[in-house]
Amino acid sequence: MSQPYFGAGYGAANAIDRRSQFIVRTYNHLFGAIVAFTAIEFALFTSGVAQSIAAAMLGTNWLFVLGAFVVTSWLASKVANTAESKAAQYAGLAGYVLAESIVFVPLLFIANSVAPGAIQTAGIITMLGFAGLTGIAFATRKDFSFLRGALMFGGVMALVAIVAGGIFGFQLGTWFSVAMVGLAGASILYDTSNVLHHFPEDRYVGASLQLFASVALMFWYVLRLLMSMNRR
């Protein structure tokens with residue numbers, strides 16, 4: 001009996017199936033990272049530890065905190081995206097989520113005091129924004145890799161502005177937060193496009209870390225915007 005011939009169509013269908021599995025795994029891990037972040041913040045605030053962390057971090061030069069976070073984030077991202085061991089990849093993702101959770105404590109602590117309800121509102125706005133941008137990327141299937149250069153430039157300029165503000169003591173106002181929300185939105189489009197078209201199919205842990213970083217960036221600056229509006 002002759003063996004069935006599948007041909008190129010079978011290979012293409014198999015590739016699509018593998019990509020679909022990769023996308024599902026990526027977004028499952030993203031959901032897990034968001035749940036873990038929320039659970040850590042809930043534990044820190046309900047236990048009272050958040051107040052001690054906030055006091056310590058607010059009493060420290062923010063540039064040291066930012067520098068530590070940048071280094072930790074870079075290491076975690078590198079491990080999640082390059083390590084061969086799945087355990088190491090998960091350690092990178094877990095380390096990044098933990099670092100984000102700690103860095104967010106002072107902002108959440110202040111928001112909870114001066115703008116009650118802003119945290120929940122910022123979370124809803126961020127999720128709606130993420131869902132809308134993800135829908136655009138999936139519906140159009142457009143390759144947004146051309147945004148890489150603009151994102152790198154915007155990220156460097158934002159870092160320079162934050163460092164300059166820390167050194168010279170000036171406040172980064174509402175328009176800076178608006179620009180950063182826009183940068184985060186472009187980052188979500190770029191990351192989603194990479195998930196659809198470019199990420200290796202065994203790197204769903206690293207892909208979820210990239211998406212989580214962009215979602216966290218949007219949440220941070222949406223919350224800052226809501227806080228600034230509440231002060232008026």
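- Rounding to the nearest 0.5 angstrom, the gap separating the OG1 atom in T192 from the CD1 atom in I136 is 10.0 Å.
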Show me the donor-acceptor pairs within less than 3.5 Å that the side chains of residues 143-151 make with the rest of the protein, sequence neighbours left out.
| unit_1 | atom_1 | unit_2 | atom_2 | d |
| --- | --- | --- | --- | --- |
| D143 | OD1 | S145 | N | 2.9 |
| D143 | OD1 | S145 | OG | 2.9 |
| D143 | OD1 | S193 | OG | 3.3 |
| D143 | OD1 | H198 | NE2 | 3.2 |
| D143 | OD2 | H198 | NE2 | 2.8 |

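- Residues I40 and E100 fail the side-chain proximity criterion, which asks for heavy atoms closer than 4.5 Å.
- Taken together through direct or relayed side-chain contacts under 4.5 Å among Ile, Leu, Val, Met, Phe, Trp and Tyr, V163 and M152 form parts of separate hydrophobic clusters.
- For the residue pair S208 and L93, the shortest heavy atom distance occurs at OG-CD2, 3.8 Å.
- Here the closest non-hydrogen pair linking P116 and N112 is CG-O, 4.2 Å.
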Please report the C-alpha distance between I102 and M57 in whole Å, then the side-chain angles of each, then the deciding distance to 0.1 Å, and finally whether the side chain to side chain contact (heavy atoms under 4.5 Å, CB included) criterion is met. CA-CA 9 Å; I102 293 173; M57 292 176 70; 4.0 Å; yes
Apply the test side chain to side chain contact (heavy atoms under 4.5 Å, CB included) to residues I119 and F219: give CA-CA distance (whole Å), side-chain angles for both, the deciding distance (0.1 Å), then the verdict. CA-CA 9 Å; I119 296 173; F219 176 58; 4.2 Å; yes
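- Hydrophobic clustering places L44 together with L58 (ILVMFWY residues linked when any side-chain heavy atoms are closer than 4.5 Å, directly or through intermediates).
- Under the 4.5 Å side-chain heavy-atom criterion for grouping Ile, Leu, Val, Met, Phe, Trp and Tyr, V178 is connected to L133 within one hydrophobic cluster.
- The shortest side-chain heavy-atom distance between L98 and T72 does not fall under the 4.5 Å cut-off.
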Candidate pair T26 and F199, rule side chain to side chain contact (heavy atoms under 4.5 Å, CB included), full reasoning: CA-CA 10 Å; T26 296; F199 256 105; over 6 Å; no
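- Between the side chain of R224 and the main chain of G173, no donor-acceptor pair closer than 3.5 Å is present.
- Rounding to the nearest 0.5 Å places CG of D202 at 7.5 Å from CD of E84.
- Scanning both residues, P200 and F22, for their nearest heavy atoms gives O-CE1, 3.4 Å.
- Taking 4.5 Å as the limit, some side-chain heavy atom of R203 sits within range of a side-chain heavy atom of Q89.
- Between I34 and L30, some side-chain heavy-atom pair lies under the 4.5 Å cut-off.
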From CA spacing to verdict: side chain to side chain contact (heavy atoms under 4.5 Å, CB included), I110, M227: CA-CA 9 Å; I110 295 171; M227 289 168 63; 3.6 Å; yes
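- Within a 6.0 Å radius of CD in Q51, other residues, nucleotides and ligands contribute 12 heavy atoms or fewer.
- Nearest heavy atom pair, residue V105 against residue E41, reads CG2-OE1, 3.6 Å.
- The backbone N or O of W74 sits nowhere less than 3.5 Å from a side-chain atom of S77 that would complete a donor-acceptor pair.
- Across all non-hydrogen atoms, the minimal contact from W220 to V103 is CZ3-O, 3.7 Å.
- With sequence neighbours left out, S214 forms a side-chain contact (heavy atoms from CB on, under 4.5 Å) with S187, I188, D191.
- Summarising the local packing, CZ of F138 is surrounded by more than 12 heavy atoms from other residues, nucleotides or ligands at distances under 6.0 Å.
- Distance CZ/F130 to OG1/T126: 11.0 Å, rounded to 0.5 Å.
- Residues V24 and L211 fall into different hydrophobic clusters, defined by Ile, Leu, Val, Met, Phe, Trp and Tyr side chains chained together at heavy-atom separations under 4.5 Å.
- The hydrophobic clustering, which links ILVMFWY residues whose side-chain heavy atoms are closer than 4.5 Å, places M180 and M127 together.
- Here Y90 and H29 bring their ring centres to under 6.0 angstrom of each other.
- Contact between S228 and L225 at its shortest, heavy atoms only, is OG-O, 2.7 Å.
- Rounding to the nearest 0.5 angstrom, the gap separating the CD atom in Q120 from the CG atom in L226 is 11.0 Å.
- The CZ atom of F176 sits 4.5 Å away from the CD1 atom of I162 when rounded to the nearest 0.5 Å.
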